[in-house]
> 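A single structure is presented below for examination.
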Amino acid sequence: MQVIQRIVIVGGGTAGWLTAGVIAARHRGRMPHGFEVTLVESPNVPIIGVGEGTWPTLRTTLRRIGVSETDFFRHCDAAFKQGARFNRWTTGADDDGYYHPLMLPQGFAQVNMVPHWLADGDGSFCDTVTPQGRLCDAGLAPKTIATPEYEALANYAYHLDAGKFSAFLQRHCCETLGVRHILADVTEVRMTESGDVAALETAQGPVIEGDLFVDCTGFRALLIGDAMQVPFRPCGDTLFCDTALAVQVPYADPADPVACHTISTAQSAGWIWDIGLPTRRGIGHVFSSSHISADEAERELRAYIGPAADGLTVRRIPIRSGHRETFWKNNVVAVGLAAGFLEPLEASAIVLVELSAKMIAEQLPPNRAVMDVLARRYNATTHYRWGRIIDFLKLHYALTRRDDSDFWRDNRRPETIPGRLLDLMELWKFQPPWLHDEFDRAEEVFPAASYQYVLYGMGHQTRTPQGEGATDAELARRARRETEVQTARLMAGLPRHRELLDKIAQHGMQPI
């Protein structure tokens with residue numbers, strides 16, 4: 001019986017090295033007994049390196065693989081992320097905006113605040129249930145320099161330089177976790193009679209044998225696409241954006257404030273992301289080429305940036321929205337861009353890598369005989385996750401009231417909205433999402449709170465029955481008061497974002 005001992009990851013970048021780190025850390029105790037993780041990557045293929053936004057899950061992942069958060073900040077040009085602000089998505093007006101924060105609504109497990117907020121009609125939903133929108137408005141960090149690594153006063157994720165992050169992970173994986181690194185170009189994939197991958201031949205000479213192969217070769221999809229012939233399932237009929245224009249914008253002054261949230265500003269046929277790092281801003285325009293030309297999209301991007309755009313080079317990146325019909329076939333599993341890609345509206349790319357790597361590491365088949373059983377389980381879970389992310393991204397477009405271009409009108413057409421999302425939107429006219437919905441499943445990606453923030457940030461109206469929430473009115477009042485107390489305490493005690501980043505660079509955070 002073939003024991004699974006040799007894990008071969010093909011391709012580097014964030015997907016490859018994060019996967020290598022998660023698997024190696026989980027199975028480090030097996031390495032003296034023949035277990036090995038090998039990463040082979042071409043020395044000639046640059047990484048895409050656009051995804052600079054993450055989820056709070058990355059804190060757990062980095063901690064689990066033994067990374068110092070201080071080292072991560074210092075080497076990856078990292079900053080804190082406390083959520084995302086969506087501007088001009090609902091009506092297109094300049095004062096149209098809402099937050100999708102990373103903190104759950106106050107008392108979320110005990111009381112659904114939506115009926116109470118709808119009844120009161122006072123203030124934004126975000127500000128009613130969490131301090132985080134106001135922290136972002138004030139440019140405050142989510143912790144202080146005295147807060148230990150990975151601990152938080154307000155929940156947070158990261159913004160980071162993807163190229164520096166990959167190099168940082170590479171060093172950690174090779175020097176600390178025992179990952180074997182081979183720089184080589186794969187020229188041929190050797191197959192067994194049963195259809196498994198047996199080995200990789202390389203231009204540089206080494207033949208790399210393995211028991212399980214992880215395809216992290218990006219859009220090329222060398223193993224899952226070329227070798228395994230797994231088709232790609234596009235979703236361009238639901239998510240229209242198919243091109244991104246990306247540019248790095250330096251600060252006018254190195255001491256300029258750093259935004260502690262992603263800024264997403266809707267345009268005529270897409271949207272612009274704006275991410276603040278300590279040394280620069282990463283800005284890009286994601287758009288539908290069926291609704292606007294690349295030249296027009298670049299003009300919108302440069303107009304958004306202003307005079308600072310003069311002389312800057314814009315990089316064009318094609319987006320092929322969709323995913324593989326199967327993610328794990330025989331002894332090949334695809335992770336990262338090889339598995340699929342969706343527009344970066346809610347920073348789902350890196351979290352999908354984390355979830356995939358975690359599931360592979362925790363359910364690594366002990367032998368070839370049971371691999372197909374685990375592959376079916378992995379495929380079912382991963383299919384579900386991709387479908388739910390597509391639903392959630394489409395929700396941002398389906399709720400718009402913009403009527404100023406074909407792009408926004410087309411996004412509201414029912415035939416472009418997944419059937420499951422249409423059903424939920426009909427339900428949410430009368431019942432707000434909460435824990436009794438299906439969003440508390442283990443394989444769920446976005447919690448019910450995320451749907452609440454988007455729905456009620458964009459002005460969705462739920463007609464709850466008269467008297468709904470009366471039984472937990474006191475819980476709601478208590479949660480609202482606690483939000484006000486917590487907001488005042490955090491506003492008074494948290495430093496400016498730039499100030500904390502400077503202190504981390506100079507002094508570091510307290511280790512755990």
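Model, not experiment: these values are computed from the prediction. Below, each value reflects all heavy atoms present in this structure, side chains not excepted, and no hydrogens, waters or symmetry copies.
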> Please confirm whether the backbone N or O of Tyr150 pairs with a side-chain atom of Arg59, one donor and one acceptor, at under 3.5 Å?
yes
> Would you say Ser405 and His291 make side-chain contact, with heavy atoms under 4.5 Å?
no
> Keeping His497 on the side-chain end and Ala141 on the backbone end, is there a donor-acceptor pair under 3.5 Å?
no
> Specify whether Tyr451 and Phe392 have parallel, tilted or perpendicular ring planes, treating 30° as the upper limit for parallel and 60° as the lower limit for perpendicular.
perpendicular
> For a quick test of reading the model, state the closest non-hydrogen atom pair linking Leu58 to Leu160 and the distance between them.
CD2-CD2, 4.1 Å
> Quick one: are Gln431 and Glu426 in side-chain contact, heavy atoms under 4.5 Å?
no
> Apply side chain to side chain contact (heavy atoms under 4.5 Å, CB included) to residues Ile263 and Ile272 and explain how you reach the verdict.
CA-CA 8 Å; Ile263 302 167; Ile272 287 175; over 6 Å; no
> Consider side-chain contact (heavy atoms from CB on, under 4.5 Å). Of Ile417, Leu424, Leu422, Asp423, which one does Arg420 pass it with?
Leu424
> Is it the case that more than 12 heavy atoms not belonging to Arg401 sit under 6.0 Å from its CZ atom?
yes
> Any chance the side chains of Asp295 and Ser293 put a donor and an acceptor closer than 3.5 Å?
no
> Would Arg74 count as a cation-pi partner of Phe168, with NZ or CZ less than 6.0 Å from the six-membered ring centre and within 45° of the ring normal?
no
> Suppose we call two aromatic rings close when their centres sit under 6.0 Å apart. Are His159 and Phe80 close by that rule?
no
> Side chains of Thr462 and Tyr456: donor-acceptor distance under 3.5 Å anywhere?
yes
> Taking all non-hydrogen atoms of both residues into account, name the closest pair between Trp428 and His460 and its distance.
O-NE2, 2.9 Å
> Report yes or no: do Thr60 and Thr57 form a side-chain donor-acceptor pair below 3.5 Å?
no
> For Phe72, check ring pair (Phe, Tyr, Trp, His ring centres under 6.0 Å) against everything at least two apart and list the hits.
Tyr158, Phe165
> For Thr238, is there any backbone N or O sitting under 3.5 Å from a side-chain donor or acceptor partner on Lys394?
yes
> Backbone N or O of Leu135 within a donor-acceptor pair of the Gln82 side chain at under 3.5 Å?
no
> Judged by atom type as modelled, is there a donor-acceptor pair below 3.5 Å linking the side chain of Lys143 to the main-chain atoms of Glu151?
yes
> With distance as the sole criterion, is a donor-acceptor pair present between the side chains of Asn44 and Asp185 under 3.5 Å?
yes
> Tell me every residue that passes side chain to side chain donor-acceptor pair (under 3.5 Å) with Trp89, counting only those two or more places apart in sequence or in another chain.
Ser264
> Rounded to the nearest 0.5 Å, how far does CG of Leu494 lie from CG of Leu500?
9.0 Å
> Check this for me, if you would: do Arg409 and Asp404 make a salt bridge, where the nitrogen-to-carboxylate-oxygen distance has to be below 4.0 angstrom?
no
> Using a strict cut-off of less than 4.0 Å between a Lys/Arg side-chain nitrogen and an Asp/Glu carboxylate oxygen, indicate whether Asp161 and Arg280 qualify as a salt bridge.
yes
> Any ion pair linking Arg413 and Asp410 (charged N to carboxylate O, less than 4.0 Å)?
yes
> For Val10 and Leu222, work out which heavy atoms get closest and say how close.
CG1-CD2, 4.4 Å
> Taking Cys126's backbone N and O only, do any of them form a donor-acceptor pair with Thr130's side chain (distance below 3.5 Å, no angle check)?
no
> Can you see whether Asn87 engages Tyr98 through a side-chain donor-acceptor pair at a distance of less than 3.5 angstrom?
no
> Can you tell me how the ring of His396 sits relative to the ring of Phe86, calling it parallel under 30°, perpendicular over 60° and tilted otherwise?
tilted
> Check whether Trp408 reaches the backbone of Thr91 with its side chain - one donor and one acceptor, N or O, closer than 3.5 Å.
no
> Would Glu41 and Leu183 count as a side chain to side chain contact (heavy atoms under 4.5 Å, CB included) here? Give the steps.
CA-CA 5 Å; Glu41 64 176 331; Leu183 285 171; 3.7 Å; yes
> How far apart are the closest heavy atoms of Ser268 and Glu300, and which atoms are they?
OG-OE2, 2.5 Å
> Please round to the nearest 0.5 Å and tell me the distance separating atom CG of Leu337 and atom OG1 of Thr14.
9.5 Å
> Is a donor on one side and an acceptor on the other found under 3.5 Å between the side chain of His285 and the backbone of Arg299?
no
> Salt bridge (Lys or Arg N to Asp or Glu O under 4.0 Å) between Asp242 and Arg320: does it pass, once the steps are laid out?
CA-CA 6 Å; Asp242 59 6; Arg320 189 185 182 198; over 6 Å; no
> Okay, side chain of Glu325, backbone of Pro231: is any donor-acceptor separation there less than 3.5 Å?
no
> If the threshold is 4.0 Å, N to carboxylate O, is there a salt bridge linking Arg480 and Asp127?
no
> May I ask you to establish whether Arg85 and Tyr99 are in a cation-pi arrangement, using a distance under 6.0 Å from NZ or CZ to the six-membered ring centre and at most 45° from the ring axis?
yes
> I need the minimum non-hydrogen distance between Leu140 and Leu490, along with the two atoms involved.
CD1-O, 4.2 Å
> Considering only NZ, NE, NH1 and NH2 on the basic side and carboxylate oxygens on the acidic side, decide whether Arg302 and Asp310 come within less than 4.0 Å.
no
> Just do the side-chain hydrogen bond (donor to acceptor under 3.5 Å, both in side chains) check on Tyr397 and Trp271 with the steps written out, would you?
CA-CA 11 Å; Tyr397 294 102; Trp271 55 278; 3.3 Å; yes
> Please tell me if the side chains of Leu18 and Leu169 come closer than 4.5 Å, counting only heavy atoms from C-beta onward.
yes
> Step by step, would you call His75 with Lys164 a side chain to side chain contact (heavy atoms under 4.5 Å, CB included)?
CA-CA 7 Å; His75 290 95; Lys164 292 180 179 179; over 6 Å; no
> Less than 6.0 angstrom separating the ring centers of Trp55 and Phe446, yes or no?
yes
> What's the verdict on side-chain hydrogen bond (donor to acceptor under 3.5 Å, both in side chains) for Glu149 and Thr70, showing C-alpha distance, side-chain angles and the deciding distance?
CA-CA 7 Å; Glu149 290 190 333; Thr70 293; 2.9 Å; yes
> Rounded to the nearest 0.5 Å, what's the gap from CG on Leu104 to CD on Gln106? Could you check?
10.0 Å
> Given 3.5 Å as the limit, does a donor-acceptor pair link the side chain of Ser166 with the main chain of Ala162, or not?
yes
> Going by atom types only, do Glu346 and His100 share a side-chain donor-acceptor pair under 3.5 Å?
yes
> Run the side chain to side chain contact (heavy atoms under 4.5 Å, CB included) check on Arg88 and Arg402 step by step: do they pass?
CA-CA 9 Å; Arg88 299 175 55 191; Arg402 290 186 62 149; 4.0 Å; yes
> Indicate whether any N or O donor in one side chain lies under 3.5 Å from an N or O acceptor in the other, for Tyr384 and Glu444.
yes
> Verify the distance criterion only: is there a donor paired with an acceptor across the side chains of Glu343 and Ser321 at less than 3.5 Å?
no
> Between the side chains of Arg388 and Asp391, is the shortest nitrogen-to-carboxylate-oxygen separation below 4.0 Å, so that they form an ion pair?
yes
> So which heavy atom on Phe108 is nearest to which on Ala449, and how close?
CZ-N, 3.7 Å
> Is there a salt bridge (Lys or Arg N to Asp or Glu O under 4.0 Å) between Arg498 and Asp256? Walk through the geometry before answering.
CA-CA 8 Å; Arg498 167 74 75 181; Asp256 281 349; over 6 Å; no
> If we ignore angles and hydrogens, is there a donor and acceptor under 3.5 Å between the side chains of Gln452 and Asn112?
yes
